[in-house]
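Quantities reported herein were computed from a predicted structural model and do not represent experimental measurements.
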Amino acid sequence: MTHVTAEDGTKLYVRDWGQGRPVVLIHGWPLSADSWEYQSVRLAEAGFRVIAYDRRGFGRSDQPFTGYDYDTMADDLAAVITALGLDDVALVGFSMGGGEVARYMSRHGGKGITRAALISSVVPMVQQGDREVGAPLKVLEGIKDGLRKDRPEFLGSFFKTFYGNGLLSGVSDGVLHWSLMMAMQASPKATLDCVDAFGKTDFRPDCAAFGVPTLVIHGTKDETVPIEATAREAARLIPNARLVEYEGAPHGLTATHADRLFEDLRDFLR
């Protein structure tokens, strides 16, 4: 099976590797399931069944013009879990993907889930109402302006911050090019709409629905999704959560700290 059909008929590309306890990996913005390459291979080799899918509008999934809200995307996740007959599932969400984990836990009652992990996750990052931390609306509008003006150039610059690239840190030019290739596969409408989804959704009410052991991993130098507004707050709000901080690490841990992230996930999932 390479595709699962969501409730509204949207076809979602799914990759299913290995055998054992199922682990569902949910990618970040504006990437695809391929961004989990390193962890997918090694987790499958370590004895897990690894499922990674492209969010609607991204990668090889269909690109509808609407449907880029977290209720719909959590329903897409439920469709993947149901279609593959998964149970005793570990959900792992990176960056924007953490939102799908949180909303699935509340909207679908965490059905079939026995472990959860939030990696560089946006949960519960939003600046609205009584919250004093999170993404200011002017920052979100600036991102959308950059995407509308010159999406390739904006995303090319974005990934340098995403991976913390500098003189002595970051990733190779190959990883930067690969990331841009993934991002440019996405629908421009999905890329825009998901900025509002991850930037304006308040995940605080969802946090109480985590009734399973939860691992929260975040870099202390994450300039894309700052740790104070997300991981530290999530660890406080989610019952049974354990926070692991990667000192000095940026946002893109799947590439910058690939070995350590695999080992931490493997140990947690076991």
Checklist entry - Which word best sums up how the rings of Phe158 and Phe162 line up, parallel for under 30°, tilted for 30 to 60°, or perpendicular for over 60°? => result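 The rings of Phe158 and Phe162 sit tilted, inter-plane angle from 30° to 60°.
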Next on the checklist: Considering only residues two or more places apart or on different chains, which pairs with a residue in residues 260-270 satisfy side chain to side chain donor-acceptor pair (under 3.5 Å)?
Outcome noted: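 Found Tyr246-Asp264.
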Item to check | Qualifying side chain to side chain donor-acceptor pair (under 3.5 Å) pairs with a residue from residues 111-121, counting only residues at least two apart or across chains | outcome: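 As it turns out, the side chain to side chain donor-acceptor pair (under 3.5 Å) pairs with a partner in residues 111-121, which skip direct neighbours, are Asp88-Thr114.
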Item to check | Side-chain donor-acceptor pair present, His108, Asp75, cut-off under 3.5 Å | outcome: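 Short answer, yes.
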Checklist entry - So with a 6.0 Å cut-off around CE of Met181, is the heavy-atom count from everything else above 12? => result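 Check fails, neighbour count at 12 or below.
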Holding to salt bridge (charged side-chain N to carboxylate O under 4.0 Å, His left out), I want the full list of residues that pass it with [X], two or more places apart in sequence or in another chain.
X	result
Asp150	none
Asp76	Arg56
Arg151	none

Next on the checklist: Do Trp17 and Tyr53 land in one hydrophobic cluster if side-chain heavy atoms of ILVMFWY residues count as linked below 4.5 Å?
Outcome noted: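 No.
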Item to check | Close aromatic pair by centroid cut-off 6.0 Å: Phe198 and Tyr70 | outcome: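 For Phe198 and Tyr70, the ring centres are not under 6.0 Å apart.
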Item to check | Pairs involving residues 154-179, ordered by first then second residue, that meet salt bridge (Lys or Arg N to Asp or Glu O under 4.0 Å) (sequence neighbours left out) | outcome: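 Matches after skipping sequence neighbours: none remain.
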Checklist entry - Do Phe94 and Trp29 pass the ring pair (Phe, Tyr, Trp, His ring centres under 6.0 Å) test, and can you show the C-alpha distance, the side-chain angles, and the key distance before you say yes or no? => result CA-CA 9 Å; Phe94 170 76; Trp29 179 93; over 10 Å; no
Checklist entry - Where is the tightest heavy-atom contact between Arg60 and Asp54, given as atom of each residue plus distance? => result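 Taking every non-hydrogen atom into account, N-OD2, 2.6 Å.
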Checklist entry - Is Lys149 salt-bridged to Asp145, cutoff N-O under 4.0 Å? => result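 Salt bridge between Lys149 and Asp145, a charged N being under 4.0 Å from a carboxylate O: no.
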Are the side chain of [X] and the backbone of [Y] linked by a donor-acceptor contact shorter than 3.5 Å?
X	Y	answer
Gln63	Ala190	no
Ser169	Asn165	no
Thr201	Ala197	yes

Next on the checklist: In the structure I gave you, are the side-chain heavy atoms of His27 and Met96 within less than 4.5 Å of one another anywhere?
Outcome noted: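 The answer is no, as the side chains (C-beta and beyond) never meet within the 4.5 Å cut-off.
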Next on the checklist: So Ile51 and Val23, do their side chains get closer than 4.5 Å, heavy atoms only?
Outcome noted: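 No, too far: nothing below the 4.5 Å cut-off.
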